[in-house]
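Some notes on the structure that comes next.
The analysis underlying the following values was restricted to heavy atoms, covering all of them including side chains, and did not include hydrogens, waters or symmetry mates. In what follows, residues are counted from 1 in the order of the sequence shown. This structure is a prediction, so every number in the text was calculated from the model and none was measured.
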Amino acid sequence: MENKKIDFNLIIGFLLIGLLLYLMNNSLMNNSTEKEIIPDQIESVEVNSDKKKSDKLEDDDLGGILNDDQEEKESKEVLEEESIPAKPETVTLSSEKVSLTFSDSCACFIDASIIEEESKGNFKYEYTDGVPVKLINKSFDLRPLQFDGYSQFQLVEHDSVNNKITYKDSSGIDLVYQLDGDKLSLLINNITDNKLSLDWSIKGPRQEKNLNSGWTSERTQSELYYANFDGGYDYISEPDDPENEEGVSWIAYKQQFFSTILFSKSDSFYAKNMSVNYDEKDTTYVKEMSTQIEFRSSDKSLETVSIDFYFLPNDYTYLQTFNTGESDSFDNLVPLGWGIFGWVNKYLVIPVFDLLESLGLGYGLIILAIAIIFKMLLFFPTKKSYVSMAKMRVLKPEIDALNEKYKDKEPMEKQRAQMDLYKKTGVSPLGGCLPMLFQIPILFALFKFFPASIQLRQEGFLWATDLSTYDTWPFGEFGLIPGWFDHLSLFALLMSISTLVQMRFNAQPSNSQMPQLKYIMYIMPVVFFFIMNSYSAGLSYYYLCANIMTFLQQLYIKRSLNDEELYKQLQENKKKPVKKSGFQKRLEEMQRKQKERRR
C-alpha cells in the first residue's frame, strides 16, 4: 500500500482561499455601490479596471462575482449617465461695472450682474448684503438672445486682454462681443441674406423689497420702453396684444431702478410682437419682456449689423451722458412727470438734490434740507395766502349778515351784495387759493421724484432701512387688513397726523351753507394715509417735514397778525373810492346799453 502523506501545500492553499473569501466579503459589505453578492453564484471573471471611474476604488479582488441581475443594473446606470446632456460651456466677460456669462448653447449672455464697487469689497448696487444686483439670472434653459436660422455656434476666440469673444456659426456668420464698462458691443459679420431676425427675451429677476404693494412697487414700475429713430418714445406696462413698431432705435427692458437696453445707433429696426407678461402669484420674477427684432435691407444683403447692449442703473444724471443721436435720450427711463412737473424736477429738484449730495450729507438730512429750502422759497406766497384767509375770517360776521338779509331774495342779488362788500374792503375770495398754486408743481414733482430716485435705494434713516420704498413699524411688521394692507408705514402715519393738525389749525368757522366741508378735514388725512402707506418712505418723510415747516410758518404769521387791527383796516378800506378795472368798466357799459335797448 502506498503511504499517503499530508499535503501541507494543499492545506495552505485552502487557508489562503478562505482568507481571500473573508476579505472579499468584508470589502463587498462596505462597498457604496451596494451590489448584492451571492457566494454560491461566484464565477471567476476578469475585471477591466479601465471601465471604472478614477474617483472610485478599483475592486480588482472581486475577480468576477457579478451575476446576471447585477450586470443588468450596471448597464442601466451607464445608459442613464450617458442620456444626461452635458452642460453647455460658458465663458465670462467682466469689466469694472458689469459681469456677463456667455453660453455656447445660444452664443449669447445668460447672466448679467452689475458689479461696480462703491468702496473696496462693497458693491454700489446690491440685492442683499454682499450680493450684487442681477439683471439676468443664470439659466441654461432660458436664452435671452436667439438668432433665427442660426443655431450651430462654436466659440472660436476668447481675447481676455481686450475683453472680447467670438462665436462662429456653421453657415459662416460670426458674432463678435466686446465689453467696455457697462456697454456690450455686438458685431454680426458675414450675413448673406437681406434680413436678420433675432428674438430678445428677459425674465427680470427681483431686485427690490416691494414687489406688488401699491402704485410704486417694483412690478408696477417695470415696463418695456421703445424709442423711434427720428424721435419719440412709448412704453408697454401691462399684458395686452403684442405691439409692432417700424423705425425703432432702442428698446429698454426697464425695472424700477435698473434697465437692460438694446440700441442700434446706425440702423433702425422693426420691432415685432413687443409684449410684457407676468403671473401675479409668482414672486420669483418681476415681468417677462420679449421682442422680435428684424434688420432689413431692400436691395442687397446686410453683410454686417452692429448692436450695443447697456446694463445700467436708472440714474437720471448718468443716463443723460449717453449719446442716442436723433432718438430720445435714455433719461426718459426715469419717470419724472409730464409737462411742468417734469421741468421742475429737471431744472430745480435734481440740481438742488445733487448739490446737497455733493456736500456729503446723509439722505435723511438732504430730504430735510430740500423741505426747508422749498418752504422758504414759498414763504411769501404762503404768507399772502394766510393773510387773505385771515381777512375772510374777520369779515365772516358781515357775510353772515348779508346771507340772512338776502335769504328770501334772488341768489344773484345776494352774490352781488357779497361782491360789493369784497370790493369795498379789498378782499378777494380767491386770495387764499391763488398763491397756493405755486406750491402745486413742486408738490407733484416731488411726488414723482422720490419713488424714482435710485440714490435713495437701500439708504436708511431712523427706523426706515430703505427710503426708496415703504418703511415699516419699528416694533415689528404686521398687516392692517390681510390681503389688502400687509404693512404699516410709520412715516405715512405721522405725515397723515401732521396733515390733520395743520388742517385743524387753518380751519375757518363753519359755513352754514356748506356744512359738509368740515368732514373733508377728517377724510383727507385718512385718504392720504392709505395712498402713502406703500409709497417711498423718503416721500412720506418729505411731506412730514413740509407739513411741520408750513405749520411753523403759519404760526409765525398768525402771531404777527391782529384780528382787531385787520378788521379796522378793512373798515378803512370801505371809505376809499373803489377803483374799477378796465374790464369792469367795459362790462358795466355793456350792461347799461342793454338796459337802454330794453326800454
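Put simply, the side chain of W200 reaches to within 4.5 Å of the side chain of T260, judged on heavy atoms. Residues I350 and F449 form a side-chain contact, since some pair of their non-hydrogen atoms from C-beta on lies under 4.5 Å apart. You'll find the side chain of F353 reaches within 4.5 Å of the side chain of Y363, heavy atoms only. F330 is listed as a side-chain neighbour of W250, based on a closest heavy-atom distance under 4.5 Å. The shortest distance between side-chain heavy atoms of T321 and Y318 falls below 4.5 Å. Between I557 and F379, some side-chain heavy-atom pair lies under the 4.5 Å cut-off. With a 4.5 Å cut-off on side-chain heavy atoms, F374 and V349 count as touching. Contact annotation: the side chain of F311 never approaches that of F258 to less than 4.5 Å [non-hydrogen atoms, C-beta and beyond].
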Would L333 and L312 satisfy side chain to side chain contact (heavy atoms under 4.5 Å, CB included), going step by step from the backbone distance to the final call?
CA-CA 11 Å; L333 295 173; L312 305 174; over 6 Å; no

Pair Q455, D315 - check side chain to side chain contact (heavy atoms under 4.5 Å, CB included), show working.
CA-CA 8 Å; Q455 288 84 356; D315 184 335; 3.5 Å; yes

Go through the steps to decide whether T291 and L224 satisfy the test side chain to side chain contact (heavy atoms under 4.5 Å, CB included), and finish with yes or no.
CA-CA 10 Å; T291 307; L224 186 156; 3.9 Å; yes

Run the side chain to side chain contact (heavy atoms under 4.5 Å, CB included) check on Q207 and F257 step by step: do they pass?
CA-CA 8 Å; Q207 299 162 348; F257 292 120; 5.6 Å; no

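Of the possible polar contacts, none joining the E218 side chain to the K209 backbone as a donor-acceptor pair under 3.5 Å is found. Distance alone, capped at 3.5 Å, places no donor-acceptor pair between the D331 side chain and the Y316 backbone. Q458 places a side-chain N or O within donor-acceptor distance of the main-chain N or O of E126, the cut-off being under 3.5 Å. At least one donor-acceptor pair closer than 3.5 Å links the side chain of S536 to the backbone N or O of G538. Checked by atom type and distance alone, the side chain of D182 never pairs as donor or acceptor with a backbone atom of Y310 at under 3.5 Å. Under the 3.5 Å distance criterion, the side-chain polar atoms of N314 are matched with a main-chain donor or acceptor of Q255. Looking only at distances, no side-chain donor or acceptor of E245 sits under 3.5 Å from a matching main-chain atom of N228. In this structure a side-chain-to-backbone donor-acceptor pair under 3.5 Å is missing from N345 to G337. Here the side chain of K287 pairs a donor or acceptor atom with the backbone of R219 at under 3.5 angstrom. Judged by distance alone, with hydrogens and angles left aside, the side-chain atoms of S95 form no donor-acceptor pair with the main-chain N or O of D180 at under 3.5 Å.
Across N533 and S489, no two heavy atoms sit closer than the pair OD1-N, 2.8 Å. For the pair P205 and V286, the tightest heavy-atom approach, listed with the atom from each and the gap, is O-CG2, 3.6 Å. In plain terms, the two heavy atoms of P132 and F123 that are nearest each other are CD-CE1, 3.7 Å. Between C545 and L368 the shortest heavy-atom distance is SG-CD1, 3.8 Å. Of all heavy-atom pairs spanning K346 and P351, the tightest one is O-CD, 3.3 Å. In terms of heavy-atom proximity, L179 sits nearest to L100 at CD1-CD1, 4.0 Å.
Seen from the ring of Y225, K254 does not count as a face-on cation partner, given the 6.0 Å and 45° thresholds.
Side chain to side chain, S99 and S94 meet the donor-acceptor criterion of an N or O pair below 3.5 Å. For the residue pair S329 / T324, no side-chain donor-acceptor distance below 3.5 Å is found, with atom types taken as modelled. Side-chain N/O atoms of N210 and S217 include no donor and acceptor closer than 3.5 Å. In summary, the side chains of Y125 and E118 do not present any donor paired with an acceptor at a separation below 3.5 Å, with no hydrogens or angles considered. No hydrogens or angles considered: nothing links the side chains of Y543 and T499 as a donor-acceptor pair under 3.5 Å.
Surrounding CD1 of I340 are at most 12 heavy atoms belonging to other residues, nucleotides or ligands under 6.0 Å away. More than 12 non-hydrogen atoms from other residues, nucleotides or ligands lie less than 6.0 angstrom from OH of Y285. Counting non-hydrogen atoms of other residues, nucleotides and ligands closer than 6.0 Å to NZ of K383 gives a total of 12 or fewer.
Residues in residues 449-463 take part in these salt bridge (charged side-chain N to carboxylate O under 4.0 Å, His left out) pairs, two or more places apart or across chains: E208-R457. Residue pairs that meet the side chain to side chain donor-acceptor pair (under 3.5 Å) test with at least one member in residues 369-378, sequence neighbours left out, are K375-Q439, K375-T550.
Atom CD of residue E238 and atom OH of residue Y278 lie 3.5 Å apart, to the nearest 0.5 angstrom. Between the OH atom of Y542 and the CG atom of N547 there is a distance of 9.5 Å, given to the nearest 0.5 Å. Rounded to the nearest 0.5 Å, atoms OG (S249) and NZ (K265) are 10.0 Å apart. For the atom pair F263 CZ and N323 CG, the distance stands at 7.0 Å (nearest 0.5 Å). If you take OG on S498 and CZ on F528, they are separated by 10.5 Å, rounding to the nearest 0.5 Å. Between I523 atom CD1 and L500 atom CG the span is 12.0 Å, to the nearest 0.5 Å.
Of the candidates L319, I454, V133, P313 forms a side-chain contact (heavy atoms from CB on, under 4.5 Å) with just one, namely I454. When each of W463, Y470, F450 is tested with F491 by the rule ring pair (Phe, Tyr, Trp, His ring centres under 6.0 Å), just one qualifies, namely W463.
Ring centers of Y535 and F447: under 6.0 Å apart, within the cut-off.
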